[in-house]
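Values below: every heavy atom of this structure, side chains too, minus hydrogens, waters and symmetry copies. Here is the naming used below: chain letters follow the sequence lines, and residue numbers restart at 1 for every chain.
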Amino acid sequence: MNQTGHCMPRYNPAEIEPKWQAYWDQNETFKTPDLPVGEKLYVLDMFPYPSGDGLHVGHPEGYTATDIVCRFERMRGKSVLHPMGFDAFGLPAEEHAIKTNTPPRISTEKNVTTFRRQLKMLGFSYDWHREISTTDVDYFRWTQWIFLVLYDSWFDAEQQRGRPMDELPIPADVQDAGEQVVREYKDEYRLAYLANALVNWCPALGTVLANEEVRDGLSDRGDHPVHRIPLRQWMLRITAYADRLENDLASLDWADGIKKLQRDWIGRSTGAEVDFFVGPQDAFSAWQSKRCESGYPRNPSDDVLRIYTTRPDTLYGATYMVIAPEHPFVERLTTPEHRKAVREYCDRAAAKSDRDRTENAKDKTGVFTGAFAINPANGSPVPIYIADYVLISYGTGAIMAVPAHDTRDFEFAKKYDIPIVAVVDPGDSFDGERQAVIAGEECFSGEGTAIQSGEYTGLSTSEFKVKIAATLQTDGQGREAVNYKLRDWLFSRQRFWGEPFPILHELDESGEPTGVIRPVAVEDLPVNLPEIKDYKPHDRPEPPLGKAPDEWLYPVIDGVRYRREINTMPQWAGSCWYFLRFIDPKNDQCFVSPEKEKAWMPIDLYVGGAEHAVLHLLYARFWHKVLYDRGHVTTQEPFQRLVNQGMILGDVEFTARRTADGTWTNDALQDGIEVVPISVNDVIKRGETFALKEDDSIKVESRAHKMSKSRGNVVNPDDIVREYGADSLRIYEMFMGPLEATKPWSMTGVNGVRGFLDRAWRMIVDHSAETIVIHEAVNDDSLTAEQLKILHRTIQSVTTDTAGMRFNTAVARMMEFVNFFTKSKCRPREAMEKFVLLLSPYAPHLAEELWQILGHAETLAYEPWPEFDESLTRDDSIEIAVQVNGKLRAKITVPADADRAVLEDIARNDEKLVEILSQMNVVKVVVVPGRLVNFVVRP
RNA sequence: GGCCGAGUGGCGGAAUUGGCAGACGCACAGGAUUUAAAAUCCUGUGUCCAUUACGGGCGUGCGGGUUCAAAUCCCGCCUCGGCUACCA
């Protein structure tokens, strides 16, 4: 039996785990057929970014969960697709490339090798034939192809679907204006389009930074100043799909929390757009009548400031207006005497990131432009301010400010002494000071009844909204509008290590861009990354691909010279469709064969961390819907069921506070007081909290922290596998608690699970023998009635718990099985074999080994999952509780199927109950068969 | 500030529909085995009172409520964690 020939009586994962991994590899045990045979199951893990640090213990948590489901369902006869790959584009590899001046592909491949080794070491049953990496040229060829689909699509708002560009209706006046106007018109509709977007440009580092790399207007690395500058960027029109992305959530089997996160992120709001006239006051009525005739224009003219509001009912209370510092009207509206102050204010705002602006939200700042607009409701002039609490990227970048009914406007108005006019009466039921609100001394942002609102006075908020929207519409001064917090997706990065855009910019004879864009022909894909000499940033806000050799950068097609797009796609791109490629990873004719796509999609179970709850899932859903609309996939949603695994924290740490001279203290943290780690042995529990053993007046803090390099509490799976084995790691991660919960790591816990596997081994293998032989207690006897009951109960629990992904309790039931049979001198082979099959999804290496020891030549991966007989799991007699007034007073043993009358009778005749009941009057008897009998009594 | 989640022994956690709180594991203690230790096996282990045995009181973050019965349902708080952050 022992292939290496030497004696191995003890459970030795270091030997059997590599053995079975090699077996699965050589026998292609988990190779999945191109098309499912029978019922299909597509189970997907969120593929990892292969960082230089290798796997951490958080990865195997979700991966083990899906692996258990896959192994379990294979045994239940399903055709399972379970692939793995790598999301390998990304910043760390590029940073490494800059530092060492080596191509990022080299470090990426090295990291992928490490990840693959670690994943194989854990015994996951992936079909490795399907491995893909987003950085594979054969892969990103199709990422580029999908980009071209996006570029060639527009969103038909009426039909609510994406359609090819050649189906876009071109208005006659546009058609007549010539080719260039038609081209520009088309570009306005494409799902992929170019626009000026603000980026964080850091001149000192010579690079553009992500929002999270900027703090207080300085770069995270090096503290250099960062400016927000507009740059021509690729955008994806995800907002067009906002309503579908929101509505289709209803059909998905996801946790409500995650759905809500997505809904909030999309952030749909309804309200109105209103144009405020900004010309001279005596021209106002002329403008009004003009608007009555022309109607509300699609794009605002120069003589108006267009705003978006969700509360058009508060129009009469708009006492000032605010535009964002980046608003295109800033320059034009500012009067000469305010120019200097405005310029200074806008420069300061430009130096701040969105995040910094919002972090100091309490203190509103702003500057007066000197200009006024006319409130269309009452014709009175209102001052126009510039303030960074208004964001250029939301709505129209301008607001009407109603300080009486918006807390932000209220703060601002207080600070700058702007009139506050209440126009909503909160009513009697209002908790706060109703009179203070009406007097404009307190802000109220709820709904109520209109006051001081001309003809609308007396209307409820909702009636008012409907009426004024209609009026604005007829007067051509506004219209109903919908807005989203979701922005169009900024889809380009000034980076080297990403997918190149398959886009060419036409150049004129002097080498300047003509504005004409030419997509790379599908047959010319892929556009590979060029070799470049160095990866260091320039001092211009230009991507590293600007340094590419001319042969790459300046292709000539049909005598026309082009410059390639030198931005690259963001890391999200590759993960937007990888699940489709897994279905058909080698196809060089199309991104996925329609037949295979139809057979395998949608994904039946998708497991990953909650950190991707919003962006990745939203982006992938968006791409999928475009592909669906264009007829390339057959499902509207890619991820039918989603489960988020919880975070694994480091081992619990105890800390106490100490002063500089070394005395313990409970004082708050301040200069001279430090937090020091305490050993578990020096800690006692005192009441609700922990305290120091040597001085129990000193509080000890007990908490598990996120694993991080800086804290030094990171657990490396390599170490765990070396010391305890992969099967122990797998089971421990499942046994810690529910999959979705956040839970702290514990080394002694792993050791405990290893003890269980040791016992399982010794239950079947004679560990005192010289060679591997089956334990003498294992025989061909038939099971006793009790053994049969335990076996079937175990099968039942493990089956339902595994199917319900309650892995922690499934493991507990298997532990009980082992505890029971280890005590038994007679362990029928039938029971042992069924147990091994139950264990196999959880501890596949050990199970395979035991299966072989029990005399089987083939892998157990496709053995039928054990069946249970429910009638065998039941007891003939059970013990139930007898309560008096809800308190447990006795326990009685009764036939399992005893009815109410019988139960009450037995309970009444119980020795103890006779005694109690003799002194009491029974008012009521509650009998729950199989549970309890409760006597309600009075003296 | 907003949203979401969670509070059960020394610790991780279990507990169908409201129906015997603490499954399983860790840790700890005692015992067996051993020259000894490790390993293994057995026993005990919420807490307080009582201990002659049977026992009894309390107990699922806190305070109320509904109910024959509440970890579970309702109302009001507290604490911790995660996400998010001026979205007009």
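Where A/Phe935 and A/Ala812 meet RNA chain B, the nucleotide closest to each residue was compared, and A/Ala812 sits on the side nearer the 5' end. Map A/Ala881 and A/Met400 each onto its nearest nucleotide of RNA chain B; the residue landing nearer the 5' end is A/Ala881.
For A/Lys924 and B/C68, a side-chain-to-base donor-acceptor distance below 3.5 Å is absent, hydrogens and geometry of angles not being considered.
A/Gly257 comes within 4.0 angstrom of no nucleic acid atom, judged by non-hydrogen atoms across all strands. When heavy atoms are screened at a 4.0 angstrom cut-off, A/Glu740 is found touching no nucleic acid atom at all. Counting any heavy atom pair closer than 4.0 Å across all strands shown, A/Asn483 reaches no nucleic acid atom. Within the 4.0 angstrom heavy-atom criterion, only backbone atoms of the sugar-phosphate kind lie near A/Lys260; the bases stay farther away. The residue A/Arg889 sits close only to the backbone: its heavy atoms come under 4.0 Å of sugar-phosphate atoms, none of a base. Backbone-only contact: A/Ser269 has heavy atoms under 4.0 Å from sugar-phosphate atoms and none from a base. Within the 4.0 angstrom heavy-atom criterion, no nucleotide atom of any strand lies near A/Lys259. Within the nucleic acid shown, A/Thr310 comes within 4.0 Å of sugar-phosphate atoms alone, with no base atom in reach, counting heavy atoms only.
The CD atom of A/Glu915 sits 16 Å away from the P atom of B/C54 (whole-angstrom rounding). Taking atom CG on A/Leu757 and atom P on B/G25, their separation rounds to 13 Å, with Å as the unit.
Applying the 6.0 Å contact sphere to CD of A/Glu611 captures more than 12 heavy atoms from other residues, nucleotides or ligands. Around CD of A/Glu911, the count of heavy atoms belonging to other residues, nucleotides or ligands within 6.0 Å does not exceed 12.
A/Phe817 is not listed as a side-chain neighbour of A/Leu839, based on a closest heavy-atom distance of 4.5 Å or more. Under the 4.5 Å side-chain criterion, counting only non-hydrogen atoms from C-beta, A/Phe410 is in contact with A/Ile420.
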How would nucleotides 12-19 of chain B be written as a contact map, 5' to 3', with B for base contact, S for sugar-phosphate-only contact and - for no contact, using protein heavy atoms under 4.0 Å? BSS-B--B
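You'll find that the side chain of A/Asp388 is closest to B/C86, out of B/G56, B/C86, B/G25. Checked against B/A23, B/U84, B/G25, the side chain of A/Trp265 finds its nearest nucleotide in B/U84.
Its glycosidic angle being more than 90° from 0, B/G55 falls on the anti side.
Remark: the A/Tyr484 side chain and the A/Asp243 side chain contain an N/O donor-acceptor pair separated by less than 3.5 Å. Using modelled atom types, one finds no donor on one side chain facing an acceptor on the other under 3.5 Å when comparing A/Ser269 with A/Asn483. Between the side chains of A/Arg487 and A/Ser393, at least one donor N or O lies within less than 3.5 Å of an accepting N or O.
A distance of about 16 Å separates the P atoms of B/G25 and B/A15, rounded to the whole Å. Nucleotides B/C74 and B/U66, compared at atom P, are 15 Å apart to the nearest Å.
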